[in-house]
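The shown structure was predicted, so the numbers you read here are calculated from the model rather than taken from an experiment.
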Amino acid sequence: MFADDAATYLEDLGSPVTWQPSVGGPVVAGLMIFDQPGQEMDGGRVITREYKVTFATATWPGLKRDEVLTIGGEGGGSNYKLRTDPLPAEDGVFSAAPLSKVRP
């Protein structure tokens, strides 16, 4: 996939995200695809969420494990922490990372 296609793809499917790097510097803002599928556990007695973001790699340089993202625009959004370093997809245009919700 070409980087220009990534921007178009995110415009159609992305959610607004902001990130204040823990090492300092300006806030980074852009779009990411935010997934939160449910998964059954313990024979279907428990349903859990597995939060994940997919994003254009070039837009978020320096994003790494334990950084906190604010996902959602109007109304303040919610905070999520990266559980691992982002992993690039096939061609590196996109990367993905699992998240944990940060409780207020």
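Between atom CG of residue L99 and atom NZ of residue K52 there is a gap of 10.0 Å, rounded to the nearest 0.5 Å. Between the OH atom of Y9 and the CD1 atom of I33 there is a distance of 4.0 Å, given to the nearest 0.5 Å. Taking CZ of F34 as the reference point, atom OG of S78 lies at 7.5 Å (rounded to 0.5 Å). The structure places OG of S100 at 5.0 Å from CZ of R83, a figure rounded to the nearest 0.5 Å. To the nearest 0.5 Å, atom OG1 of residue T84 and atom NZ of residue K64 are 13.0 Å apart. Atoms OG1 and OH, from T70 and Y80 in turn, are 10.0 Å apart once rounded to the nearest 0.5 Å.
Taking 4.5 Å as the limit, some side-chain heavy atom of M32 sits within range of a side-chain heavy atom of L63. For the pair L69/N79, no side-chain contact is recorded, criterion being any heavy-atom separation below 4.5 Å from C-beta on.
Here W60 pairs with nothing under the side-chain hydrogen bond (donor to acceptor under 3.5 Å, both in side chains) rule; sequence neighbours left out.
A donor-acceptor distance shorter than 3.5 angstrom exists from the side chain of D85 to the backbone of R65, with no hydrogens or angles considered. In terms of modelled atom types and a separation under 3.5 Å, the side chain of T57 and the main chain of G92 share a donor-acceptor contact.
Shortest non-hydrogen contact noted between P88 and S95 is CA-OG, 3.4 Å.
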Just distance, no hydrogens or angles: give the donor-acceptor pairs under 3.5 Å from side chains in residues 10-28, sequence neighbours left out.
from, atom 1, to, atom 2, distance (Å)
W19, NE1, E67, OE1, 2.7
Q20, NE2, G25, O, 2.7
S22, OG, E67, OE2, 2.4

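Placement of F55 and Y51 within a single hydrophobic cluster is found when ILVMFWY residues are connected by side-chain heavy-atom separations under 4.5 Å, directly or transitively.
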